[in-house]
Amino acid sequence: AQKVTQAQTEISVVEKEDVTLDCVYETRDTTYYLFWYKQPPSGELVFLIRRNSFDEQNEISGRYSWNFQKSTSSFNFTITASQVVDSAVYFCALSESGGGADGLTFGKGTHLIIQP
Amino acid sequence: DAGITQSPRYKITETGRQVTLMCHQTWSHSYMFWYRQDLGHGLRLIYYSAAADITDKGEVPDGYVVSRSKTENFPLTLESATRSQTSVYFCASSEQTSGGNNEQFFGPGTRLTVL
């Protein structure tokens, strides 16, 4: 069965520090998709990134970057020069099916607190 | 307005009552999902649907019923609400393309309290 582990329940850093959120996944499929979502204090879920299992290239989007390593089944998320607005709960998620119909398996989330 | 909406946004009910949470999307996405979010559990899939009249159970379906007579609507019914069903419920939708599993777009959530 598929599983996503976010071992860091809560992380607190001072503004402008870099921070990495860990995500480890388990799946038997060779084709799968990994996602990160952000849930700010307002409660909505905001999509950040999707990565398929055949694309191990790291991705950078502004201050955000993602490191996908199949060898360690990890899909970590780094925020560079963190800002107070980055404070949120971040979820890593996994989808095994090729059809998109089976839903996402979420980790329990990491609560990131950026202190001014 | 375009997007995915949920109603009501907040609901308080009593144990044993039937409650229906509504979800509506305007993108004509094929896939729709219901999740519940509980502290310490993240989000867990309740039910999902690949198209109108096609639904299937997720991880935690007990006590819930869904239907999908129209592509744009995916109501979730708690037939006899229990306190353990106190949660925040999120509806989501996505579309399948040749590129594989696309991201899911989430509604704003419904906060349900069962007394």
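The model shown is predicted, which means the values in this text are computed figures rather than measured ones.
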**Student:** Decide if atom CZ of B:R17 counts as having more than 12 heavy atoms of other residues, nucleotides or ligands within a radius under 6.0 Å.
**Tutor:**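 No, not enclosed.
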**Student:** Look at the side-chain heavy atoms of Ile, Leu, Val, Met, Phe, Trp and Tyr, link any pair under 4.5 Å apart, and say whether A:I49 and A:Y64 land in one connected group.
**Tutor:**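 In one cluster: yes.
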**Student:** Which residue out of B:G58, B:P108, B:G40, B:G109 racks up the most heavy-atom pairs below 4.5 Å with chain A?
**Tutor:**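 Sorted descending by pairs with chain A, the first entry is B:G40.
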**Student:** Can you tell me how far the OH atom of A:Y37 sits from the CZ atom of B:F90, to the nearest 0.5 Å?
**Tutor:**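 CZ of B:F90 is found 12.0 Å from OH of A:Y37.
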**Student:** Rounded to the nearest 0.5 Å, what's the gap from CD on B:Q104 to CZ on A:R50? Could you check?
**Tutor:**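 Nearest 0.5 Å value for the CD-CZ distance: 12.0 Å.
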**Student:** Check for me, please, whether A:V19 and A:F68 land in the same ILVMFWY cluster - side-chain distances under 4.5 Å, paths through other members count.
**Tutor:**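 Yes, same cluster.
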**Student:** For residues B:I4 and B:L21: do they belong to one hydrophobic cluster (side chain heavy atoms under 4.5 Å, members Ile, Leu, Val, Met, Phe, Trp, Tyr)?
**Tutor:**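 Unlinked, B:I4 and B:L21 end up in two clusters.
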**Student:** Can you confirm whether or not the ring centre of A:F47 sits under 6.0 Å from the ring centre of B:F106?
**Tutor:**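 That pair fails the under 6.0 Å test.
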**Student:** Given the rule that I, L, V, M, F, W and Y join up when any side-chain heavy atoms are under 4.5 Å apart, are A:F77 and A:V13 in one cluster?
**Tutor:**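 Same cluster.
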**Student:** With a 4.5 Å cut-off on side-chain heavy atoms, are A:L45 and B:L43 touching?
**Tutor:**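 Yes, their side chains come closer than 4.5 Å.
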**Student:** Counting only heavy atoms not in A:I60 (residues, nucleotides, ligands), do more than 12 fall under 6.0 Å from its CD1?
**Tutor:**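 No, the 6.0 Å shell around CD1 holds no more than 12 heavy atoms from other groups.
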**Student:** Testing the basics here: between A:F91 and B:Q37, what is the closest heavy-atom pair and its distance to 0.1 Å?
**Tutor:**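 Where A:F91 meets B:Q37 most closely, the heavy atoms are CZ-NE2, 3.4 Å.
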**Student:** Mind listing the closest non-hydrogen atom pair of A:L104 and B:Y35 along with its distance?
**Tutor:**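 The pair with the smallest heavy-atom distance is N-OH, 2.8 Å.
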**Student:** When the side chains of residues 63-70 of chain B are checked against the rest of the protein, which donor-acceptor pairs come out under 3.5 Å, sequence neighbours left out?
**Tutor:**
{"residue": "B:Y64", "atom": "OH", "partner": "B:R36", "partner atom": "NH1", "Å": "2.9"}
{"residue": "B:Y64", "atom": "OH", "partner": "B:Y89", "partner atom": "OH", "Å": "2.7"}
{"residue": "B:R68", "atom": "NE", "partner": "B:T71", "partner atom": "O", "Å": "3.2"}
{"residue": "B:R68", "atom": "NH1", "partner": "B:S30", "partner atom": "O", "Å": "2.6"}
{"residue": "B:R68", "atom": "NH1", "partner": "B:S49", "partner atom": "O", "Å": "3.4"}
{"residue": "B:R68", "atom": "NH1", "partner": "B:S49", "partner atom": "OG", "Å": "2.8"}
{"residue": "B:R68", "atom": "NH2", "partner": "B:H29", "partner atom": "O", "Å": "3.2"}
{"residue": "B:R68", "atom": "NH2", "partner": "B:S30", "partner atom": "O", "Å": "3.0"}
{"residue": "B:R68", "atom": "NH2", "partner": "B:T71", "partner atom": "O", "Å": "2.7"}

**Student:** Would you say A:Y33 and B:E103 make side-chain contact, with heavy atoms under 4.5 Å?
**Tutor:**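 Result no, sub-4.5 Å side-chain heavy-atom pair not found.
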**Student:** Can you tell which of A:Q39, A:Q6, A:E44 has the highest number of heavy-atom pairs within less than 4.5 Å of chain B?
**Tutor:**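 Of A:Q39, A:Q6, A:E44, A:Q39 has the most heavy-atom pairs under 4.5 Å with chain B.
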